[in-house]
Amino acid sequence: MDAAQSIIDELKEHHNPKRASQVRKYMKTSNLEFLGVPLSTIRTIAKKHAKTVETMDYITVLVELWKPRVFDVRRAAAEVLLQFQKRGMQESHIISLIDTWINDIDTWALTDPLAWVVGKQLIVNPKFRLTLEKWGTDDNFWRRRMAIVPYLELCMRGQYREEYGSWILTALTPHIGDSEFFVAKAVGWVLRQLSSHEPESVREFIHKHQAKMNRVAYREGSRKL
């Protein structure tokens with residue numbers, strides 16, 4: 001049995017109707033089916049089976065995992081992609097898959113784990129900022145969120161570098177007035193994390209743009225200042 005089908009079958013074994021109903025209500029925006037599998041279990045299953053996959057089969061496994069319109073399976077796909085990334089999956093293949101998947105996403109709970117993958121790639125290849133800039137102009141607000149959240153990876157303890165501050169503020173500027181809640185929330189989230197490293201820069205940025213900022217972005221971005 002191939003790895004993708006093994007993951008799907010094992011996730012189904014953990015189906016919890018009561019928890020699935022609770023998760024569905026919490027997600028609100030998603031029309032996917034939910035199995036109610038805890039995230040820790042999804043990660044364990046994904047990591048276990050990802051180890052068995054040969055490099056030549058990475059894309060096939062990931063494509064098969066994304067086909068079912070089941071949240072838990074697609075969340076597992078994001079975890080498997082992260083494992084393949086750690087094992088050296090080609091950047092072009094990673095980004096091509098994510099670029100396609102974004103068009104079929106209807107919840108932050110799938111954009112954000114994929115954004116962590118993108119963020120790791122951004123550290124390896126800073127030129128990828130140009131792709132995020134392009135994503136940020138899209139009508140699809142989940143893609144616009146995906147253009148922002150990867151910058152959180154740059155703010156992680158032990159990874160932050162001085163030049164990241166200007167990168168991040170430049171990337172956020174076009175989105176400060178975005179009326180979409182999930183985009184504004186992302187802007188505030190990244191500003192808040194950046195303020196742990198560059199409080200004065202963030203304070204000046206917010207003061208400069210306050211009149212144009214979405215209230216959610218302003219509130220979330222100012223929490224640590």
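When reading the values below, keep in mind they use all heavy atoms of this one structure, side chains included, and skip hydrogens, waters and symmetry mates.
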Side-chain heavy-atom pair [X], [Y] within 4.5 angstrom cut-off:
X	Y	answer
Phe205	Ile176	yes
His207	Glu204	no
Leu132	Tyr151	yes
Ile8	Glu64	no
Trp116	Leu152	yes
Asp99	Trp135	yes
Asp104	Trp66	yes
Val149	Trp108	no

Would you indicate whether [X], at its atom [atom1], is surrounded by more than 12 heavy atoms from other residues, nucleotides or ligands within a distance under 6.0 Å?
X	atom1	result
Glu163	CD	yes
Lys48	NZ	yes
Lys224	NZ	yes
Glu91	CD	yes

Do the side chain of [X] and the main chain of [Y] share a donor and acceptor less than 3.5 angstrom apart?
X	Y	result
Asp2	Gln5	yes
Tyr58	Gln85	no
Arg69	Leu32	no
Gln159	Glu153	yes
Arg43	Pro38	no
Thr111	Met146	no
Asp106	Asn31	yes
Arg24	Glu33	no
Ser21	Pro17	no
Arg75	Val37	no

* When you look at Thr60 and Val53, which way does the side-chain contact (heavy atoms from CB on, under 4.5 Å) test go after all the steps? -> CA-CA 10 Å; Thr60 300; Val53 181; over 6 Å; no

* Asked: Cut-off 3.5 Å, side chains only: do Gln121 and Asn125 have a donor facing an acceptor?
  ->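 Distance-only check fails for Gln121 and Asn125.
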
* Taking atom types as modelled and ignoring hydrogens, do the side chains of Tyr164 and Glu198 form a donor-acceptor contact shorter than 3.5 angstrom? ->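 No, no side-chain donor-acceptor contact under 3.5 Å.
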
* To do: Evaluate the criterion side-chain contact (heavy atoms from CB on, under 4.5 Å) for residue pair Ile42 and His14; output intermediate values, then yes/no.
  => CA-CA 9 Å; Ile42 293 175; His14 291 272; over 6 Å; no

Nearest heavy-atom neighbours spanning [X] and [Y]:
X	Y	answer
Met27	Phe71	CE-CZ, 3.8 Å
His49	Ala3	O-CB, 4.1 Å
Ala77	Leu62	O-CD2, 3.6 Å
His15	Leu35	CD2-O, 3.0 Å
Val187	Ala217	CG1-CB, 3.9 Å
Phe34	Ala20	O-CB, 3.3 Å

* Asked: Would you call the rings of Phe182 and Trp142 parallel, tilted or perpendicular if under 30° counts as parallel and over 60° as perpendicular?
  ->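 Geometry flag for Trp142 against Phe182: tilted rings.
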
* Derivation of the side-chain contact (heavy atoms from CB on, under 4.5 Å) call for Val118 and Phe128 -> CA-CA 9 Å; Val118 173; Phe128 189 60; 3.1 Å; yes

* To do: List for me each residue that meets side-chain contact (heavy atoms from CB on, under 4.5 Å) alongside Gln90, sequence neighbours excluded, and say none if there are none.
  =>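 side-chain contact (heavy atoms from CB on, under 4.5 Å) list for Gln90, sorted by chain: Ser92, His93.
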
* Among Val73, Thr41, Val70, Leu65, side chain to side chain contact (heavy atoms under 4.5 Å, CB included) partner for Leu11 ->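 Of the listed residues Val73, Thr41, Val70, Leu65, the side chain to side chain contact (heavy atoms under 4.5 Å, CB included) partner of Leu11 is Val73.
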
Atom [atom1] in [X], atom [atom2] in [Y]: separation rounded to 0.5 Å?
X	Y	atom1	atom2	answer
Met156	Leu154	CE	CG	11.0 Å
Asp72	Leu39	CG	CG	10.0 Å
Ile94	Leu82	CD1	CG	9.5 Å
Ser96	Trp101	OG	CH2	10.5 Å
Asp112	Ile148	CG	CD1	10.5 Å
Arg145	Asp138	CZ	CG	15.5 Å

* Report the C-alpha separation of Ile168 and Leu191 in whole Å, then their side-chain angles, then the decisive distance to 0.1 Å, and conclude whether the side-chain contact (heavy atoms from CB on, under 4.5 Å) test is met. => CA-CA 8 Å; Ile168 292 169; Leu191 283 173; 5.8 Å; no

* Output yes when Asp139 and Arg144 qualify as a salt bridge under the 4.0 Å nitrogen-oxygen rule, no when they do not. =>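 No, this pair does not count.
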
* Lys185/Glu220 ion pair, N-O < 4.0 Å ->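 Looking at Glu220 together with Lys185, the answer is yes, because their closest N to O distance falls below 4.0 Å.
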
